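Accompanying notes for the structure given below.
All of these numbers come straight from a predicted model, not from anything done at the bench. Keep in mind that the numbers below use all heavy atoms, side chains included, and drop hydrogens, waters and symmetry copies. Chain naming here is simple, since letters A, B, ... match the order of the sequence lines and numbering starts at 1 in each.
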Protein chains: 2
Amino acid sequence: MQSYTEENYLKIIYHLSEISHPVQTNAIAERIQTKAASVTDMIKKLSEKELVNYVKYQGVTLTEKGKLTAINIVRKHRLWEVFLVDKLNFKWDQVHEVAEELEHIQSNLLIERLDEFLDFPKVDPHGDPIPDKHGNFAEMTFVKLSKLKDGDQGTITGVSEHSSAFLKHLEKLGLTLGKRVEIIDVVEFDGSVELLLEHEKLNISREVAKHILITKN
Amino acid sequence: MQSYTEENYLKIIYHLSEISHPVQTNAIAERIQTKAASVTDMIKKLSEKELVNYVKYQGVTLTEKGKLTAINIVRKHRLWEVFLVDKLNFKWDQVHEVAEELEHIQSNLLIERLDEFLDFPKVDPHGDPIPDKHGNFAEMTFVKLSKLKDGDQGTITGVSEHSSAFLKHLEKLGLTLGKRVEIIDVVEFDGSVELLLEHEKLNISREVAKHILITKN
DNA sequence: AATTATTTTTAGATTTGTCTAAAATAAGAA
DNA sequence: TTCTTATTTTAGACAAATCTAAAAATAATT
Ligand SMILES: [Mn+2]
Ligand SMILES: [Mn+2]
Ligand SMILES: [Mn+2]
Ligand SMILES: [Mn+2]
């Protein structure tokens with residue numbers, strides 16, 4: 001059994017692993033809002049428990065055990081987000097903070113029953129995949145909207161930025177999960193994108209386009 | 001904002017206040033599974049924060065602020081228990097431990113929405129009243145089954161013992177909330193109670209009868 | 001009232017997770 | 001390769017919550 005704090009470290013290391021291998025001390029410190037020295041301390045503890053592989057000055061990687069633990073926390077986080085949106089009518093920009101707490105509740109029965117109650121969702125309110133109880137993810141095929149060309153069509157199936165400001169902005173524009181879009185033009189000057197959303201013309205900045213994930217179809 | 005630990009102390013002090021005023025250090029230590037010395041330390045801290053009134057060697061009482069905090073935790077605990085039973089099909093003997101964790105989740109929006117989602121329940125799965133968001137309880141009128149006389153009738157509306165062993169026992173006997181019972185005889189020898197439950201005769205020990213709460217009707 | 005028993009508090013130590021400041025290592029530039 | 005900079009680790013300290021053992025206060029008995 002891990003502490004609340006250890007779980008948070010494992011989860012952050014897991015997410016950062018998708019970006020760099022091994023994960024650097026400073027990167028963890030930044031994400032977890034703490035100091036590098038504290039991270040070193042915790043890494044040693046996690047290493048002691050064989051949840052991470054650690055080589056001094058080289059950074060950490062998760063062991064199989066650590067990875068499974070981390071994935072389970074991600075599973076809980078995302079299931080709770082679905083619960084909050086689907087059952088309690090939270091907006092997609094309101095769920096993350098609460099899920100950060102709920103993800104640490106310890107009860108396998110609870111999470112299996114919640115999964116069932118939610119009808120075994122495959123993705124969370126931001127389009128992120130929900131691993132099953134064995135830690136397996138359904139394969140997802142996203143393309144960044146900013147990579148699309150004139151005339152391309154697709155459905156919004158995810159976002160890669162979870163800040164409330166960004167999500168509220170998308171909501172206001174009507175760019176929510178499941179909506180179909182068609183690219184009219186990628187403006188050469190600033191990379192902004194003109195697109196068609198439910199027969200309405202819309203222009204979004206390149207910065208916004210980079211964080212919208214599309215499944216082409 | 002209080003820590004997880006402080007919240008637990010406040011809740012225990014609140015519950016113990018129903019039994020003795022003021023609440024003794026040792027009583028808290030026993031309930032919270034810790035040592036008297038630790039309780040003294042925490043009491044000082046809570047007193048510092050004006051959540052309890054504390055006189056050395058005399059024990060503690062909750063201040064208005066402390067009481068409201070405690071009631072809010074009780075509210076969350078009981079709402080979560082209702083959720084677990086009504087929505088996730090937990091048995092009434094399975095909910096307490098999980099609710100002990102869930103009661104510490106910090107989000108007013110969450111708890112108000114949960115309340116609504118559960119259709120504003122007035123009692124939890126053990127018949128305990130759920131305070132509203134202002135801390136007000138609906139008045140309950142229970143009588144211990146062990147206080148009833150031959151011929152008395154009533155409905156089971158609560159239990160005053162929450163151990164899994166006891167609750168499972170009641171479940172097995174069919175003595176669950178909402179069931180109507182009629183006293184046939186209180187056995188003089190051992191105080192055990194003969195009763196009628198859905199046209200079936202049943203004998204329960206005095207010990208069991210003491211923890212079943214009845215609303216006469 | 002004096003003695004004994006119980007309860008509570010203090011003193012000092014421990015564990016977990018954190019911090020600052022200084023030292024060590026690694027990486028990049030000249 | 002040597003100097004400089006960035007990153008990481010150590011050393012030592014601290015706050016929160018806990019503990020043990022001893023001292024102090026209160027309550028119960030004789
Ligand atoms: Mn999230
Ligand atoms: Mn999410
Ligand atoms: Mn309970
Ligand atoms: Mn209950």
Side-chain angles (χ1 to χ4, degrees), chain A residues 1-17 19-62 66 69-70 73 100-101 103-104 106, chain B residues 1-17 19-62 66 69-70 73 100-101 103-104 106:
Chain A
M1 204 86 304
Q2 294 80 224
S3 72
Y4 187 105
T5 314
E6 289 169 314
E7 288 192 348
N8 277 333
Y9 272 90
L10 290 173
K11 188 185 58 169
I12 297 299
I13 294 168
Y14 172 76
H15 286 311
L16 290 172
S17 295
I19 302 163
S20 80
H21 246 275
V23 179
Q24 308 207 101
T25 303
N26 255 358
I28 299 169
E30 200 176 313
R31 272 286 273 275
I32 230 160
Q33 294 276 67
T34 188
K35 298 298 153 68
S38 308
V39 174
T40 303
D41 290 340
M42 181 55 79
I43 281 172
K44 282 180 184 164
K45 192 177 164 194
L46 294 174
S47 176
E48 202 61 47
K49 292 191 175 186
E50 300 195 302
L51 291 161
V52 300
N53 300 117
Y54 171 51
V55 184
K56 265 186 195 176
Y57 292 101
Q58 302 301 126
V60 284
T61 57
L62 291 171
T69 306
I73 298 160
E100 286 288 304
E101 292 188 53
E103 71 189 6
H104 300 288
Q106 303 289 357
Chain B
M1 206 88 298
Q2 294 79 224
S3 73
Y4 186 105
T5 313
E6 289 169 314
E7 288 193 347
N8 278 334
Y9 272 89
L10 290 174
K11 188 185 58 169
I12 298 299
I13 294 168
Y14 173 75
H15 286 311
L16 290 172
S17 294
I19 303 163
S20 80
H21 246 277
V23 179
Q24 307 206 102
T25 304
N26 255 357
I28 299 169
E30 199 175 313
R31 272 284 273 276
I32 230 161
Q33 294 276 67
T34 188
K35 298 297 153 69
S38 308
V39 174
T40 302
D41 289 342
M42 181 55 78
I43 281 173
K44 281 180 183 166
K45 193 178 164 194
L46 294 174
S47 175
E48 203 62 47
K49 292 190 174 189
E50 302 195 300
L51 292 160
V52 300
N53 300 118
Y54 170 52
V55 184
K56 267 189 193 173
Y57 292 100
Q58 303 301 126
V60 285
T61 57
L62 292 171
T69 307
I73 298 160
E100 286 288 303
E101 292 188 52
E103 71 189 7
H104 300 288
Q106 302 289 358

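- Put simply, CG on A:L10 and CE on A:M42 are 9.0 Å apart, with the number rounded to the nearest 0.5 Å.
- Atom OH of B:Y4 is separated from atom P of C:dT16 by 17 Å (rounded to the nearest Å).
- Atoms CD (A:Q58) and P (D:dT9) sit 9 Å apart, rounded to a whole Å.
- Across C:dT18, D:dT18, C:dT9, the shortest atom-to-atom separation from the side chain of B:K56 is found for C:dT9.
- Set against D:dT8, C:dT8, C:dC19, the side chain of A:T40 has D:dT8 as its closest nucleotide.
- Straight-line distance from the CD atom of B:E6 to the C1' atom of D:dA15: 13 Å, rounded to whole Å.
- Considering CD1 of B:I43 and CD of B:E48, their distance stands at 13.5 Å, rounded to 0.5 Å.
- Within a 6.0 Å sphere centred on NZ of A:K56, other residues, nucleotides and ligands contribute 12 heavy atoms or fewer.
- Here the CD-CG distance, from B:Q2 to B:N8, works out to 11.5 Å after rounding to the nearest 0.5 Å.
- Here A:Y9 lies in heavy-atom contact (under 4.0 Å) with sugar-phosphate atoms only.
- For B:K44 and D:dT18, the NZ to P distance is 15 Å, given to the nearest whole Å.
- Counting to the nearest Å, the P atom of D:dT20 and the CG atom of B:D41 are 13 Å from each other.
- Look at OH on A:Y57: it is 13 Å from P on C:dA23, rounded to the nearest Å.
- Between the CD atom of A:E30 and the P atom of D:dA6 there is a distance of 15 Å, rounded to whole Å.
- Contact annotation: A:T34 reaches the phosphate of C:dC19 (side-chain N/O to OP1 or OP2, under 4.0 Å).
- Regarding contacts with the backbone of D:dT7, every side-chain N or O of A:Q24 stays at 4.0 angstrom or more from both OP1 and OP2.
- Across C:dT8, D:dT8, C:dC19, the shortest atom-to-atom separation from the side chain of B:N26 is found for C:dT8.
- Heavy-atom nearest nucleotides on DNA chain C were determined for A:K35 and for B:A27, and the one closer to the 5' end corresponds to B:A27.
- Checking B:T25 against A:M42, the closest nucleotide of DNA chain C that is more toward the 5' end is the one next to B:T25.
- Going from atom NE2 of A:H21 over to atom CG of A:L16 covers 10.5 Å, rounded to the nearest 0.5 Å.
- Residue contacts for A:S38: at a heavy-atom cut-off of 4.0 Å it reaches a base atom on one of the strands shown.
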